[in-house]
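Here the structure comes first, spelled out in structure tokens, and everything after it is commentary.
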Amino acid sequence: MTCYRFRPLSVLALFASALAFTGCGIGPAATNSVGTLQMHGSIFGGQQPVSGAGIKLYAAGKTGNGSSATSLLGTPVTSDANGNFTITGDYTCVNANDQVYLSATGGNPGLAPGTNNAALVMVSALGRCANLPTTPFVSINEQTTVAAAWALAPFINSAPNVGATPTNAAGLANGFLNAALIVDPTSGLVPALAANLTVESGKIAALANSIASCVNSDGGAGCSPLFSAATPSGGTEPTDTLQAALNIVRNPANNVAAVFNAGSSFPPFASTLTSAPNDWTLSLTVTGGGLDSPTAMGLDAGGSVWVAGLNGVLSGFTAQGTPFSASGFGVGTLSQSFGLTIDPNGSIWVSSENMPQHGGTFGSVSKFAGSASGTPGQLIATFSDPGLDFPDALSADTNGNILIANYGNSTASVYSNTGAVVSGGLGAGNLSFPTGVAADSTHGLWLANQSDGSITHLAADGTLLAHLACCNGASAIAVDALGNAWVADFFSGAVTEVSAAGTATLTTTKMGGLTSPIALVIDGAQDIWVSNYLGASITHLAGNASASPAGTALSPVEGLGQDASLVQPFGIGVDATGDVWVSNFANSDVVEFFGVASPTGTPVNPTPAIP
């Protein structure tokens with residue numbers, strides 16, 4: 001049978017501040033014993049001080065996403081005529097790792113005496129409570145509000161309701177750290193980031209300008225353009241500036257131009273945007289770390305991202321984009337790597353279609369230490385056996401076994417977590433150049449067959465459960481919490497859902513930006529996220545738990561993220577903060593889209609769930 005391989009090599013041929021808010025913020029509970037804690041700050045609407053605003057300090061809730069936060073002040077403090085405020089000795093850190101933030105409501109943004117803008121609600125995400133004694137000054141303005149809204153969108157319902165589930169402290173902490181990458185909470189400005197990080201600063205300023213038009217008013221007619229633009233289709237118009245910001249981040253393609261035009265003709269923040277962007281997604285681009293034509297990717301329990309490279313490099317980064325190594329890992333061991341998975345213990349597994357140390361004979365699978373090991377990226381071992389033949393895609397199941405799709409001989413293999421061969425030659429005769437594999441809840445294997453456009457479902461012992469012709473160039477496969485398999489159909493520009501019984505239930509074709517989809521992932525809300533290799537975008541589709549029918553395109557016809565300079569986006573993942581990560585093959589970088597998805601437990605083994 002002819003092999004119609006469309007991995008990047010053939011596609012290219014065919015188409016010729018060092019902040020105090022660093023660290024993971026996760027650790028054992030501790031009581032802050034500082035007797036007197038003091039904080040100074042200011043609240044500004046654009047460049048105008050806001051007087052009489054009510055300032056509250058909160059610790060984020062722990063009983064669910066958007067749960068009630070705990071007020072750390074007996075009574076709110078009030079900003080003075082210059083927009084300044086002081087909190088002295090009024091709060092304690094019950095838990096050093098509590099994530100804390102400031103909110104400001106109401107106040108007079110420099111209008112006639114006695115004016116109060118009830119629509120003014122702004123926030124500033126500060127981070128770990130234990131860091132407050134070393135954070136003597138804080139800012140609250142439209143830019144800090146944008147940072148908090150985008151970085152923490154899955155965790156915010158309103159100013160007093162910011163929180164996460166009790167088992168997702170890591171996701172919440174990373175959201176607060178991400179907010180500090182977007183805007184420095186001490187200065188209220190976009191920070192000077194490390195050389196390998198780039199944020200869409202023009203969008204941050206443009207969004208802040210749109211919010212400022214309402215902040216610097218009496219809350220009436222001055223807020224109408226923003227509130228109207230930030231009203232989702234069929235939804236309720238917001239009544240304050242924070243809710244408007246949240247509506248925009250949750251509906252980034254809604255009324256894009258109207259949101260941009262809500263800013264005044266004399267904007268307070270300098271933006272590089274002279275016209276409306278494609279959408280209001282906000283991204284961070286990460287370079288370095290040895291990234292070299294990145295392909296598959298995965299996220300671990302702490303939010304660190306691991307990326308395989310076509311040319312034999314494994315790159316690893318913290319959730320805030322700091323590389324674990326400037327040059328990456330596995331050089332000389334890995335070669336033509338298209339598969340990566342993270343096992344339940346946090347170890348990283350990467351496939352090599354060629355095996356350099358054996359002359360490129362069979363291929364191999366290598367195991368690396370994860371980010372929690374103390375030696376992240378360290379090579380543990382490389383495994384191979386005669387049954388491996390151009391191992392392509394990898395998946396891990398709940399018992400730590402590694403499932404392998406062998407592209408070369410059209411079979412599947414299973415290795416134990418120690419690298420022992422559990423089984424090989426699975427699916428012989430029912431696979432056709434598989435390029436995707438996903439574990440099911442009973443240790444079985446779903447495989448996407450590129451050459452004949454079929455899907456194969458095997459039991460753990462290799463028994464054939466289903467074999468279905470459904471697609472035209474199946475490139476990747478993922479399984480949702482109901483046991484349905486979702487398939488990226490590269491040549492048809494489609495995504496197909498296949499029931500657990502092996503029946504195709506729906507196909508979404510060339511909608512929501514779908515263009516040569518090469519990888520997909522399912523978030524904790526069971527929605528589907530797709531990377532469009534030749535579309536320079538990502539696609540968001542409704543899953544089986546959505547208010548919209550499954551398969552409905554929730555992204556615009558052009559897809560999302562076109563302002564992030566995606567060029568041949570390849571791997572895709574969702575983390576416990578609700579951020580979508582994409583490996584950018586042609587640019588050799590990784591892009592993180594803040595807060596657009598539902599928080600998802602990582603690593604995903606075997607099906608996605610809310611953390």
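Along the sequence shown, residues are numbered consecutively beginning with 1. Only this structure's heavy atoms are used, side chains among them; waters, hydrogens and symmetry mates stay out.
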### Task
In sequence, state the C-alpha distance, the side-chain angles, and the governing distance for Gln562 and Ser537, and then conclude on side-chain hydrogen bond (donor to acceptor under 3.5 Å, both in side chains).
CA-CA 5 Å; Gln562 292 193 82; Ser537 67; over 6 Å; no

### Task
Taking all non-hydrogen atoms of both residues into account, name the closest pair between Ala519 and Ala476 and its distance.
CA-CB, 3.8 Å

### Query
Are the side chain of Asp279 and the backbone N or O of Ala253 linked by a donor-acceptor pair below 3.5 Å?
no

### Query
Have Asp300 and Ser371 got a donor and an acceptor in their side chains that come within less than 3.5 Å?
yes

### Query
Looking only at heavy atoms, which two atoms of Ala319 and Gly302 are closest? And how far apart?
CB-O, 4.4 Å

### Task
Could you tell me how the ring of Phe329 sits relative to the ring of Trp306: parallel (under 30°), tilted (30 to 60°) or perpendicular (over 60°)?
tilted

### Query
So, the side chain of Asp480 versus the backbone of Gln526: is there a donor-acceptor pair under 3.5 Å, distance only?
no

#### Entry: Main-chain N/O of Asn430 paired to His467 side chain as donor or acceptor, under 3.5 Å
yes

#### Entry: Ile477 side chain reached by Ile455 side chain, heavy atoms, under 4.5 Å
yes

#### Entry: Shortest non-hydrogen separation from Ala448 to Ala474 and the atoms involved
CB-CB, 3.8 Å

### Query
Any chance the side chains of Asn587 and Ser565 put a donor and an acceptor closer than 3.5 Å?
no

### Message
Would you say Asn174 and Asp575 are linked by a side-chain donor-acceptor pair, where the criterion is simply a distance under 3.5 Å?
### Response
no

### Message
Rounded at 0.5 Å granularity, tell me how far CG in Leu299 sits from OG in Ser304.
### Response
8.5 Å

#### Entry: Side chains of Ser384 and Ser364, donor plus acceptor under 3.5 Å
no

### Query
Where the side chain of Thr341 meets the backbone of Ala396, is there a donor-acceptor pair that is under 3.5 Å apart?
yes

### Task
Report yes if the side chains of Asp392 and Asn406 come closer than 4.5 Å at any heavy-atom pair, otherwise no.
no

### Reported CG-to-CG distance for the pair Leu314 and Leu340, which is rounded to 0.5 angstrom
6.5 Å

#### Entry: Value rounded to 0.5 Å, distance of OG in Ser315 from CG in Leu291
4.0 Å

#### Entry: By side chain to side chain contact (heavy atoms under 4.5 Å, CB included) - contacts of Ala460 (at least two apart)
His443

### Task
Can you see which heavy atom on Leu541 is nearest to which on Gly551, and at what distance?
CD2-O, 3.9 Å

### Message
Less than 4.5 Å apart, side chain to side chain, heavy atoms only: is that true for Leu197 and Val286?
### Response
yes

### Query
Under 3.5 Å, is there a donor-acceptor pair between the side chain of Ser516 and the main chain of Leu534?
no

### Message
Among Asn254, Leu560, Val256, exactly one meets side chain to side chain contact (heavy atoms under 4.5 Å, CB included) together with Trp280. Which residue is that?
### Response
Val256

### Query
Under 6.0 Å between ring centres, would you say that holds for Phe383 and Trp349?
yes

### Task
Indicate yes or no: at least one non-hydrogen side-chain atom of Leu284 is less than 4.5 angstrom from one of Phe594.
yes

### Task
Would you please name every residue forming a salt bridge (Lys or Arg N to Asp or Glu O under 4.0 Å) with Glu200, sequence neighbours left out?
Lys203

#### Entry: Thr509 and Leu514, any side-chain heavy atoms less than 4.5 Å apart
no

### Query
Does the Asp397 side chain pair with the main chain of Asn399, one donor and one acceptor, at a distance under 3.5 Å?
yes

### Message
With rounding to the nearest 0.5 angstrom, report the CD to OG distance, Gln568 to Ser588.
### Response
10.5 Å

### Task
Given side-chain contact (heavy atoms from CB on, under 4.5 Å), test Trp486 with Val479 step by step and report yes or no.
CA-CA 6 Å; Trp486 293 79; Val479 181; over 6 Å; no

#### Entry: Thr577: side-chain hydrogen bond (donor to acceptor under 3.5 Å, both in side chains) partners, not counting sequence neighbours
none

### Query
Within a strict 4.5 Å, meaning less than it, do heavy atoms of the Val365 and Thr382 side chains meet?
no

### Message
Would Val199 and Ile204 count as a side-chain contact (heavy atoms from CB on, under 4.5 Å) here? Give the steps.
### Response
CA-CA 9 Å; Val199 72; Ile204 297 169; 4.0 Å; yes

### Task
Working to the nearest 0.5 Å, report the span between SG of Cys471 and CG of Asp489.
4.5 Å

### Query
So, Asp343 side chain and Ser347 main chain: donor-acceptor pair closer than 3.5 Å or not?
yes

### Over all atoms of both residues, closest heavy-atom pair of Ile522 and Ile528
CG1-CG1, 4.1 Å

### Query
Is there a side-chain contact (heavy atoms from CB on, under 4.5 Å) between Thr165 and Asn65 once you walk through the steps?
CA-CA 6 Å; Thr165 60; Asn65 293 338; 4.1 Å; yes

### Message
Within the structure provided, determine whether Thr515 and Lys510 are in side-chain contact (heavy-atom separation under 4.5 Å).
### Response
no

### Message
Could you check whether Ser454 and Asn449, counting side-chain N and O atoms only, form a donor-acceptor pair closer than 3.5 Å?
### Response
yes

#### Entry: Counterpart residues, side chain to side chain contact (heavy atoms under 4.5 Å, CB included), relative to Thr322 (two or more places apart)
Thr318

### Query
So, Ser337 side chain and Ser351 main chain: donor-acceptor pair closer than 3.5 Å or not?
yes

### Message
Determine whether Leu282 and Ile182 satisfy the following criterion, side-chain contact (heavy atoms from CB on, under 4.5 Å), listing intermediate values before the conclusion.
### Response
CA-CA 9 Å; Leu282 192 59; Ile182 300 170; 4.0 Å; yes

### Query
Which residues pass the side chain to side chain contact (heavy atoms under 4.5 Å, CB included) test with Ala245, sequence neighbours left out?
Ala149, Trp150, Ile211

### Task
Check Gly513 against Thr539 and note the closest heavy-atom contact, atom names and distance.
C-OG1, 3.4 Å

### Query
Does Asp523 use its side chain to pair, donor to acceptor, with the backbone of Ser598 at less than 3.5 Å?
yes

### Query
Does a donor on one side chain sit under 3.5 Å from an acceptor on the other, for Gln320 and Asn178?
yes

### Query
Is there a donor in the side chain of Thr507 and an acceptor in the side chain of Thr496, or the other way round, less than 3.5 Å apart?
yes

### Query
Can you tell me how far the CG atom of Asn472 sits from the OG atom of Ser492, to the nearest 0.5 Å?
4.0 Å

### Minimum side-chain heavy-atom gap Lys367-Ile348 below 4.5 Å
no

### Query
Are Asp563 and Asn278 close enough that a side-chain donor and a side-chain acceptor fall under 3.5 Å?
yes

### Message
Test your reading of the model: is there a side-chain donor-acceptor pair from Asp440 to the backbone of Thr442, 3.5 Å cut-off?
### Response
yes

### Message
Ring-plane angle category for Phe585 and Phe570, please: parallel below 30°, perpendicular beyond 60°, tilted otherwise.
### Response
tilted

#### Entry: Contacts of type side-chain hydrogen bond (donor to acceptor under 3.5 Å, both in side chains), residue Asp292, not counting sequence neighbours
Asn311

